[in-house]
Each structure stands twice: as C-alpha cells, then as structure tokens.
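The structure appears right after this line, and notes come after that.
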Amino acid sequence: MRTSTAPQLLVVSTEATVFDVSTVRVAAQRVWPGADVRARVVSPSPAGSRRTGRLLGRLLDAERPDLVLSTCLRTTAGLDWLRRHRGFDLPAASWDPGDGATGLDRALHRLAFPAARPATRRLPAADALFAHVETPAVPQHVGTALVFEPGPALTVEQAAAMLATVPGALGRFSSASATRAVRWCAVPGRSASALVDITDVADLESAVDTFFSVPLQPAHAVAAARLVTGLADGRSALLVKLHHALADGMTMLQALLSDTDDAGRLSWASRPVSPMGDVGVPGLRGGVRPVLSGLARLAAAGRAPEAVTDGEVPDAQRHHALGLLPGRDVRSAARAAGVSAAEYVLTLFAQAWHDVGAARGDRFRLMVPWSVRGTDSLRLAGNHTGAASVDLPVGRLGLTHRAERVATALRSRTETGVPEAGSLVVQALGALPVPLHRALARRMYRRDWFNAVGTVMPGPRREVRWHDAVMSQAYPVLPLAPGTGLAWGALTWGPWITVCVTVRADFAPLADALAHRMSTLVADSAVRETS
C-alpha cells in the first residue's frame with residue numbers, strides 16, 4: 001500500500017451492477033481515514049474469466065490501487081484469474097451490493113485483514129530466458145554493491161525494506177516441466193528480513209566476491225541481501241542480488257532508488273510494478289521496417305571471435321574488480337572525441353583489453369543490453385531489454401580513433417533495429433513448447449555469439465541518501481553467460497562512473513588489470529587536457 005492510513009481502493013463492477021459509490025466511500029473512510037475510493041466499470045466477455053481478467057489487468061495497470069473490491073461474480077472470477085496467471089497479490093474482496101451495509105462492512109474488514117492467498121504467474125519469455133540458461137556453474141543473478149560513507153548505523157530491517165521494493169523479491173520460482181513453463185510463486189508469510197544477513201569484514205571486494213559467488217536457489221528464494229559493516233574508513237555496504245528472471249538493470253535501479261530519502265527528486269525513482277495487463281510487443285513499437293533491418297543484421301553477424309576468457313565455466317566462484325572513473329573527466333574526454341559518454345566507456349574497455357595483452361585478434365564481441373522500454377513500460381518490473389552485439393576494435397589503435405570506431409559500431413546496431421529485433425526473437429521463442437523454448441534459449445545465449453556481456457547505465461549525478469546515510473557508490477554486478485568468463489557493468493553515480501568487472505575466479509588478475517587500466521586511461525586523458 002502507498003501508506004498505512006490512506007490507501008486507494010478501487011471498486012470494480014460491470015454495467016449491470018448497481019450501487020452507490022458514496023456509500024462505499026463513507027464506509028471505507030471509517031476504516032482508513034482519507035482513503036481514496038474510485039469506481040470503474042469493465043465489460044465482461046462471454047469468453048469467461050480469462051478475457052475479463054485481461055480487461056481488469058489493463059485497468060489495474062492504469063489505476064495502480066492498493067485494495068480492490070469486486071461487486072459481482074464476473075469481476076471476482078477475473079481477479080482470481082489474474083491471481084493465478086499474472087501474480088496479482090493485492091488485498092481483494094467481494095461484495096454483493098444486495099447484502100447492504102452489513103455485507104460491505106464485512107468485505108472491508110477482509111480487505112483490512114486479508115488472508116494469505118498464494119499468487120502465481122508464468123514468466124514472460126524475456127524473463128524465462130535467464131531461468132532456462134542458468135546452470136549451477138553459471139547462476140543468473142544481477143546485483144549491486146551499495147557503499148555508504150560513515151554515518152548512521154544501518155539495520156537489517158532497513159535493508160529488508162529496500163529489498164522488498166523489487167516486485168516479486170519475496171517469492172520463488174517453480175521448475176519448468178515438459179508441459180509447464182517456469183512460474184513465479186508467492187511465498188505466503190515470508191518476511192523480507194529472512195532474506196537479509198549481516199557480516200563484518202574490512203575489505204569490500206572480498207565481501208562482494210563471497211556474496212555473489214553463492215548462487216540463489218530459485219526454487220526457494222529469488223533474492224538476497226547482505227549488510228556489510230566494518231569496512232575501511234568506517235564505511236558500510238549493502239549487497240543485493242536478484243535472479244535475472246526477476247529484473248533487468250533498470251528495474252533494479254528504479255527499485256533501489258525508490259527507497260532513498262529524496263526519491264521524489266531522483267530520475268527513475270518511482271517503484272517499479274509488475275504488469276497485470278498485456279504489455280504488447282516492445283520490438284514492434286518502432287514499426288516493422290526497423291525490425292526487419294535488425295533481423296537481417298542479426299543473421300549476418302555470424303559467430304563471435306575467440307577470446308582468452310572463452311571456455312567452460314567450472315563453478316560459481318567469481319572475482320569482482322571494482323573501479324571508479326571520474327564522471328566529469330569521462331564526459332570531457334568523450335566530447336573531445338566526438339562520442340557519447342557511454343560510447344567512451346566502451347572504448348575504455350576496448351583499449352584496456354588491448355593494453356593488458358588480452359587481445360587475440362582485432363575484434364572482441366560485446367553483447368550490450370539495450371532498453372526497448374516505451375513510455376508505457378518505463379516503470380514495469382522485469383526484463384524489457386534487447387541487445388546489440390558490438391564488435392569492439394581491440395587491435396592497435398589510438399584512443400581517439402578507437403572511440404570513433406566503437407561509436408560507429410554501436411550506432412550501426414542500435415540505430416538499425418537490432419535491439420528491437422533481438423527482443424522480438426526472444427518473445428517469439430516464448431510461444432514455443434517449453435522443451436523447445438529451453439533448448440533454443442540455451443543455443444542462443446552462449447559464447448558462440450558473443451565473448452562477454454557489458455553495459456553502461458545512466459544513474460543519478462546528485463548525492464543520494466538512504467536513512468540519512470550518504471550512498472556514495474553503487475557498483476552494478478552482472479552474471480556470466482554460459483561459455484564466457486567475463487562480464488562487466490558501469491553506472492553513473494554522483495561524481496563517479498562506477499565499474500565492476502566480473503570474472504570466473506581463475507581470471508582474477510585479468511579483471512584487476514582491466515579495472516585498473518580503465519581508471520588510468522581516464523586519468524591520463526585528464527592530464528593531457530590540462531597540460
């Protein structure tokens with residue numbers, strides 16, 4: 001609910017239902033002073049609860065109430081369908097207007113003290129992809145390491161509240177079978193604090209390595225958090241991991257920012273929500289022609305070149321190299337090179353890959369997640385991304401020339417429908433029988449087609465506080481893909497662009513060298529500009 005004292009109550013009915021909404025409003029405000037009561041009408045279909053449920057789903061996406069009161073059997077059946085198939089888990093009750101005030105009071109009491117009713121939903125294809133490709137050695141969780149300056153002591157309860165901002169974080173996944181797709185399931189009575197623990201260590205990187213090297217057990221839980229105290233200089237950290245089938249980077253960023261002290265003044269800080277209605281086909285929002293162009297480019301891309309980090313991933317042990325790039329210096333160097341800041345960060349990785357001696361040839365194929373969200377899906381939970389596979393030039397080049405080549409390569413993918421085409425392909429796979437969907441997902445998301453996954457995300461440039469503690473750094477943690485030993489993410493945060501390079505444990509020296517070299521490249525460019 002938005003608040004504990006003044007929720008929004010949505011009364012749903014059909015044209016045939018007759019009642020006085022003012023009566024409901026007066027009764028509701030006796031229970032919740034200041035409650036906002038709205039009445040909406042749907043036209044149930046003779047096709048039954050599925051069609052009615054979809055109509056109600058679109059209505060719920062538009063209204064986003066805290067409580068739902070149904071006034072007829074058809075809308076009640078539609079809500080039950082949403083609970084079974086879309087994860088609808090708001091308190092809901094039924095009231096027959098013929099029962100008068102006494103019946104209304106009973107229904108409002110059920111809303112005030114709801115009984116646990118497990119909700120389930122089938123994972124959309126873009127989410128199920130990550131459930132299908134996961135193995136014990138290649139767990140698919142995304143996460144973040146949030147670092148706090150010395151100040152107020154943070155608590156497990158506060159960390160639990162932040163974790164709970166991610167829709168579905170308190171649930172679990174059921175396993176797929178030959179006939180049944182992976183489903184998200186609510187876990188009645190689960191407290192977010194049960195998914196949070198606390199540890200005291202001095203070194204942040206070792207804490208990150210330990211936490212993110214332990215896979216989630218999605219049949220039991222799809223999220224976890226750890227509060228880290230005792231870091232150098234009196235700092236503390238909150239480590240959060242979520243199954244990738246639950247969230248993409250935008251979902252996670254929105255959720256975490258929505259719990260900060262000044263969320264109302266931060267971009268993307270509205271809490272993400274799980275869609276109840278159909279979200280359409282993101283890949284087709286821009287029209288058919290860009291998608292056809294993107295499909296052609298996907299088909300022509302061919303196999304990825306060889307990289308030193310390719311090969312079977314032996315186990316879930318990971319090393320994470322953390323780096324800080326001065327954001328102002330990155331943006332200044334990017335302007336001088338005539339590219340965007342994100343393109344320049346990709347260039348820094350390509351240059352570092354060459355400089356540390358990791359390049360085996362002139363190309364390194366990076367799979368860059370790319371949002372295909374529209375204005376109607378900007379704040380929806382889940383995965384709403386396509387991807388652009390970019391052949392980074394990692395041969396012998398000057399930094400400025402390399403930046404131009406990187407920008408050209410990236411734009412040749414993102415401006416020609418490749419992310420949208422990729423999203424469309426992923427969604428189309430979801431229409432296949434489960435065993436075929438699983439097989440094709442594993443065939444598509446592996447080393448054959450890219451050497452690593454890497455992303456550059458926007459974030460807040462201003463100071464962020466959480467329970468009056470300054471959240472000075474936030475590192476994005478990406479999972480490895482099957483057959484790849486490296487992934488990395490970068491995120492704008494305050495004055496910094498934070499970088500986290502994730503590798504399988506035996507590549508730890510390479511990750512440290514890459515993160516260090518990316519930092520020194522920025523420092524060197526800043527020195528050249530001021531000299």
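The first residue of the sequence shown is numbered 1, and numbering continues consecutively from there. In what follows, every heavy atom counts, from backbone to side chain, and hydrogens, waters and symmetry copies are set aside.
- Rounded to the nearest 0.5 angstrom, W95 CH2 and T17 OG1 are separated by 10.0 Å.
- S174 contributes a side-chain N or O that, together with a main-chain N or O of R183, makes up a donor-acceptor pair within less than 3.5 Å.
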Exercise for the section: Please step through salt bridge (Lys or Arg N to Asp or Glu O under 4.0 Å) for the pair D259 and R271, ending with a clear verdict. Expected result: CA-CA 8 Å; D259 195 51; R271 180 175 177 174; over 6 Å; no
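- L111 and A93 get closest at one heavy-atom pair: CD2-N, 3.6 Å.
- A distance-only check finds a donor-acceptor pair linking the side chain of T165 to the backbone of A255 [under 3.5 Å].
- A donor atom on one side chain and an acceptor atom on the other are found under 3.5 Å apart for D20 and S22.
- Checking side-chain atoms of T71 against main-chain N and O of D96 turns up no donor-acceptor pair under 3.5 Å.
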Exercise for the section: Output, in order, the C-alpha distance, side-chain angles, deciding distance and verdict of side chain to side chain contact (heavy atoms under 4.5 Å, CB included) for T484 and Y445. Expected result: CA-CA 10 Å; T484 69; Y445 195 76; over 6 Å; no
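- For the residue pair Q254 and S270, no side-chain donor N or O sits within less than 3.5 Å of a side-chain acceptor on the partner.
- Within 6.0 Å of atom CZ in R461, 12 or fewer heavy atoms from other residues, nucleotides or ligands are found, so the atom counts as exposed in its surroundings.
- Atom CG of residue L56 and atom OG of residue S70 lie 8.0 Å apart, to the nearest 0.5 angstrom.
- Side chains of T102 and D105: no donor on one and acceptor on the other come within 3.5 Å.
- Under the 4.5 Å side-chain criterion, counting only non-hydrogen atoms from C-beta, L227 is in contact with L154.
- For D61 (side chain) and P275 (main-chain N/O), no donor-acceptor pair under 3.5 Å exists by modelled atom type.
- With no hydrogens or angles considered, no side-chain donor-acceptor pair links R465 and T260 at under 3.5 Å.
- Rounding to the nearest 0.5 Å gives a distance of 9.5 Å between CZ of F173 and SG of C185.
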Practice task
Show the numbers, then the answer: is there a side chain to side chain contact (heavy atoms under 4.5 Å, CB included) between L478 and W488?
Solution key: CA-CA 6 Å; L478 272 64; W488 64 273; over 6 Å; no
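- In terms of heavy-atom proximity, H220 sits nearest to R172 at O-CB, 3.6 Å.
- Here the side chains of R226 and V240 are not in contact, with every heavy-atom distance at 4.5 Å or above.
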Exercise for the section: Apply side chain to side chain contact (heavy atoms under 4.5 Å, CB included) to L79 and F88, showing your working. Expected result: CA-CA 8 Å; L79 293 173; F88 172 69; 4.2 Å; yes
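- Rounding to the nearest 0.5 Å gives a distance of 8.5 Å between CG of L246 and CG of N383.
- Side-chain atoms of M276 and L59, non-hydrogen and from C-beta on, never get closer than 4.5 Å to each other.
- A donor-acceptor contact shorter than 3.5 Å is absent between the side chain of Q29 and the backbone of A27.
- Closest heavy-atom contact between A490 and P476: N-CG, 3.7 Å.
- Using a 4.5 Å heavy-atom cutoff, the side chains of S43 and E15 are in contact.
- The shortest distance between side-chain heavy atoms of L60 and R64 does not fall below 4.5 Å.
- Expressed to the nearest 0.5 Å, how far CG of L146 lies from CG of L238 amounts to 5.5 Å.
- Not one N or O on the side chain of S371 forms a donor-acceptor pair closer than 3.5 Å with the backbone of T385.
- Nearest heavy-atom pair, F450 versus A481, reported as atom, atom and distance to 0.1 Å: CE1-CB, 3.6 Å.
- Checking S423 against E420 by side-chain atom types alone, no donor-acceptor pair falls below 3.5 Å.
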Practice task
Show your working on salt bridge (Lys or Arg N to Asp or Glu O under 4.0 Å) between D89 and R117 and close with a plain yes or no.
Solution key: CA-CA 8 Å; D89 60 354; R117 295 184 62 190; over 6 Å; no
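- Atom CG of L432 sits in a crowded spot, with more than 12 heavy atoms from other residues, nucleotides or ligands closer than 6.0 Å.
- Residues P419 and W370 approach most closely at CG-CD1, 3.7 Å, considering heavy atoms.
- With contacts defined as side-chain heavy-atom distances shorter than 4.5 Å, the pair F148/S472 does not qualify.
- Counting all heavy atoms, side chain and backbone alike, G277 lies closest to R86 at C-NH1, 3.6 Å.
- At a threshold of 4.0 Å, the pair R443-D448 counts as salt-bridged, since one of the basic side-chain nitrogens sits closer than that to a carboxylate oxygen.
- Under a 3.5 Å cut-off, the side chain of K241 and the backbone N or O of A223 do not form any donor-acceptor pair.
- No hydrogens or angles considered: nothing links the side chains of D261 and W466 as a donor-acceptor pair under 3.5 Å.
- R190 CZ: more than 12 foreign heavy atoms inside a 6.0 Å radius.
- A donor-acceptor pair under 3.5 Å links the side-chain atoms of W184 to the main chain of G168, judged by distance alone.
- Looking at heavy atoms from C-beta onward, F130 lies out of side-chain contact with V182 at the 4.5 angstrom threshold.
- Residue R40 holds its CZ atom at 7.0 Å from CG of L10, rounded to the nearest 0.5 Å.
- The main-chain N or O of A247 is found under 3.5 Å from a side-chain atom of H244 such that the two form a donor-acceptor pair.
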Practice task
Walk me through it: do L163 and L195 pass the test side chain to side chain contact (heavy atoms under 4.5 Å, CB included)?
Solution key: CA-CA 9 Å; L163 185 64; L195 304 176; 3.8 Å; yes
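- In this structure, the side chain of H243 engages the main chain of A245 through a donor-acceptor pair within 3.5 Å.
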Practice task
Evaluate side-chain hydrogen bond (donor to acceptor under 3.5 Å, both in side chains) for S193 paired with E157, printing each intermediate quantity in order.
Solution key: CA-CA 6 Å; S193 59; E157 290 72 22; over 6 Å; no
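- Taking the side chain as every heavy atom from C-beta outward, R413 and R297 approach each other to under 4.5 Å.
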